[in-house]
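Predicted model only: the values in this text are computed from it and were never measured.
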Amino acid sequence: LRVEPHGRGKGRVWIEDEQGKVVASEVGDLADGRERKRIGESLHAAAPGIPRERIEEELLAHARPAERADEAPEAPVSSTEDASTEAELAEAEELLRSGALVEQIERDLTDAGVAGEEELKLGLYLVATSRLLAAPLHAIVRGDSSSGKSFVVGKVASLVPPEGVKKATHLSPKALYRMPDLRHRLLVLGERSRQDGAEVEDATKALREFRSEGSITLATVVDGRLAEFTVEGPAATVETTTKDELFDEDANRCLLLGSNEGAEQSERVTLAQAEAAAGIRRGSSDRLRRRHWAMQRRRASIEAPEGGVPFAPALQRAMPKERVQVRRAFPKLLRVVEASALLHAFQRPRDESDRIVADRSDYAIAKRLVGRVLAASIGGAPTERVGRFFDSLLGSGLVVGSEFTAPELERRLPLKRSQINEQLRALRSLGVVEQTEEAKGPHAATWKLRAAALPSGREFLPEPESIR
């Protein structure tokens with residue numbers, strides 16, 4: 001069930017099935033009680049599997065945003081209570097000078113309720129910090145609907161002070177143009193639509209251009225006159241998705257992070273849930289939040305935040321040049337290094353231009369967080385999620401030469417058909433399965449297993465100790 005603004009004072013409401021296909025759609029004034037009732041009854045009739053109460057709650061929750069869809073939202077203003085005290089800023093600077101800063105951040109996020117997910121939560125924290133750079137990072141977090149990816153994003157975003165973050169659970173094609181000033185803010189978006197096709201690609205065009213250019217302008221006609229709407233950036237952005245396959249133009253601009261879906265992570269999550277239910281608390285969430293607000297503010301107050309990466313030529317020589325994706329992957333790596341240097345700004349030296357200079361420990365953090373991601377996009381290595389799916393294929397009894405269909409796998413594996421098809425396409429790109437017969441009418445496509453192991457990919461990033 002999805003809702004978005006649709007014209008002056010109205011909202012569009014639609015329901016998608018598991019494949020992202022729209023099965024019901026309505027447009028109306030969500031601020032009008034009778035309209036909400038009409039829309040709710042129509043949607044419930046089309047999709048009786050969704051409880052009527054949930055539909056009514058969603059429509060009511062979006063009533064006021066739809067009512068003011070034609071107005072540009074105002075930028076949040078921190079209240080006096082939100083402002084950091086001198087004591088908090090002094091404590092923040094002490095932490096920023098600490099040699100265990102990364103460990104402190106990871107520990108604080110654990111105490112805030114994020115169990116495990118060390119790479120994901122630190123990666124997102126660096127994305128949030130990078131909003132202060134001239135070329136911030138952008139991230140898409142992939143994972144199943146129950147993997148907790150949105151929870152981690154929300155917890156990290158809560159550690160950014162109110163004036164540094166903007167949240168939008170859904171963006172209509174032109175909503176971004178009516179945003180407030182986004183300069184050096186973290187823009188937290190909701191989950192991407194599972195729909196595919198030109199319409200969805202066009203809907204995200206503004207976001208792609210904003211990520212690339214740092215600002216965008218819409219020229220349109222209002223009441224017979226030319227009007228322009230400009231959104232100033234740059235800003236860091238983060239969104240989530242359950243899809244493995246993304247539009248290339250979107251994926252190329254972002255770090256593709258992933259939530260941990262393994263059994264060990266499930267153990268950590270359920271243990272944290274049990275401790276919370278038992279009243280076991282690790283720390284004050286308000287104190288943790290205010291600590292990081294002060295740290296972010298203190299870091300933002302320093303001059304010349306832009307950094308230098310003196311070992312960039314050595315990294316460039318190590319990058320494979322066979323695939324064109326390296327042209328976008330290499331700048332991502334450098335920006336992660338710069339974000340780590342900015343995170344450690346109170347510990348890093350300055351060059352003759354007074355720029356913060358990254359060192360090998362910043363590269364070590366970048367390699368840990370995005371090395372596997374870059375190997376997947378450039379060297380043909382599988383993602384963890386694809387690896388788990390391939391293991392489940394072998395575990396279901398398939399051997400090299402076995403033929404199968406997605407419906408057959410759906411009966412053997414705890415996955416939806418749409419998820420299985422996505423993973424099979426990913427495995428086909430790696431050359432370990434092939435489609436021997438296309439789908440025809442009611443008959444599903446036939447696949448064949450071609451290999452008993454996944455390609456290991458190429459580890460092209462040098463070890464930090466070898467950097468000169």
Using distance alone, with no hydrogens and no angle criterion, decide if Ser130 and Arg335 have a side-chain donor and acceptor under 3.5 Å apart. no

When rounded to the nearest 0.5 angstrom, what distance separates CG in Leu255 from CG in Leu369? 9.0 Å

Can you list the residues that meet the salt bridge (charged side-chain N to carboxylate O under 4.0 Å, His left out) rule with Arg211, with sequence neighbours excluded? Glu239

Kindly indicate, with the supporting measurements, whether the criterion side chain to side chain contact (heavy atoms under 4.5 Å, CB included) is fulfilled by Val238 and Leu257. CA-CA 10 Å; Val238 59; Leu257 307 178; over 6 Å; no

Taking every heavy atom of Ile467 against every heavy atom of Pro462, the minimum-distance pair comes out as CD1-CG, 3.8 Å

Which residue pairs pass the ring-ring contact (aromatic ring centres under 6.0 Å, His included) test with at least one member in residues 95-114, sequence neighbours excluded? none

Please list, chain by chain and in numerical order, all residues satisfying side chain to side chain donor-acceptor pair (under 3.5 Å) with Arg428, sequence neighbours excluded. none

With sequence neighbours excluded, give me every salt bridge (charged side-chain N to carboxylate O under 4.0 Å, His left out) pair touching residues 113-139. none

Residues at least two apart in sequence or cross-chain that pass side-chain contact (heavy atoms from CB on, under 4.5 Å) with Ala312, listed by chain then number, are Val309, Leu334

Among residues at least two apart in sequence or on other chains, which ones pass salt bridge (charged side-chain N to carboxylate O under 4.0 Å, His left out) with Arg328? none

Please walk me through it: do Ile140 and Thr240 pass side chain to side chain contact (heavy atoms under 4.5 Å, CB included)? CA-CA 5 Å; Ile140 297 176; Thr240 62; over 6 Å; no

Do Glu93 and Arg298 sit within salt-bridge range, that is, some charged N less than 4.0 Å from a carboxylate O? yes

For residues 331-353, the ring-ring contact (aromatic ring centres under 6.0 Å, His included) pairs (sequence neighbours left out) are none

Scanning both residues in full, the closest heavy-atom pair of Arg299 with Leu342 reads CD-O, 3.2 Å

Closest non-hydrogen atoms of Phe390 and Leu449, given as atom of the first, atom of the second and distance, are CE1-CD1, 3.8 Å

Which residues pass the side-chain contact (heavy atoms from CB on, under 4.5 Å) test with Ser392, not counting sequence neighbours? Phe389, Leu413

Listed partners of Arg287 passing salt bridge (charged side-chain N to carboxylate O under 4.0 Å, His left out), at least two apart: Glu91

What is the distance from atom CG of Asp82 to atom CD of Glu163, rounded to the nearest 0.5 Å? 8.0 Å

All pairs passing ring-ring contact (aromatic ring centres under 6.0 Å, His included) where residues 117-162 contributes a residue, at least two apart: Tyr125-His292

Give me each pair satisfying salt bridge (charged side-chain N to carboxylate O under 4.0 Å, His left out) with a member in residues 147-157, each pair once, sequence neighbours excluded. Lys149-Glu191

Sequence neighbours excluded, the answer for side-chain contact (heavy atoms from CB on, under 4.5 Å) partners of Glu88 is Ser84, Thr85, Arg290, Ala294

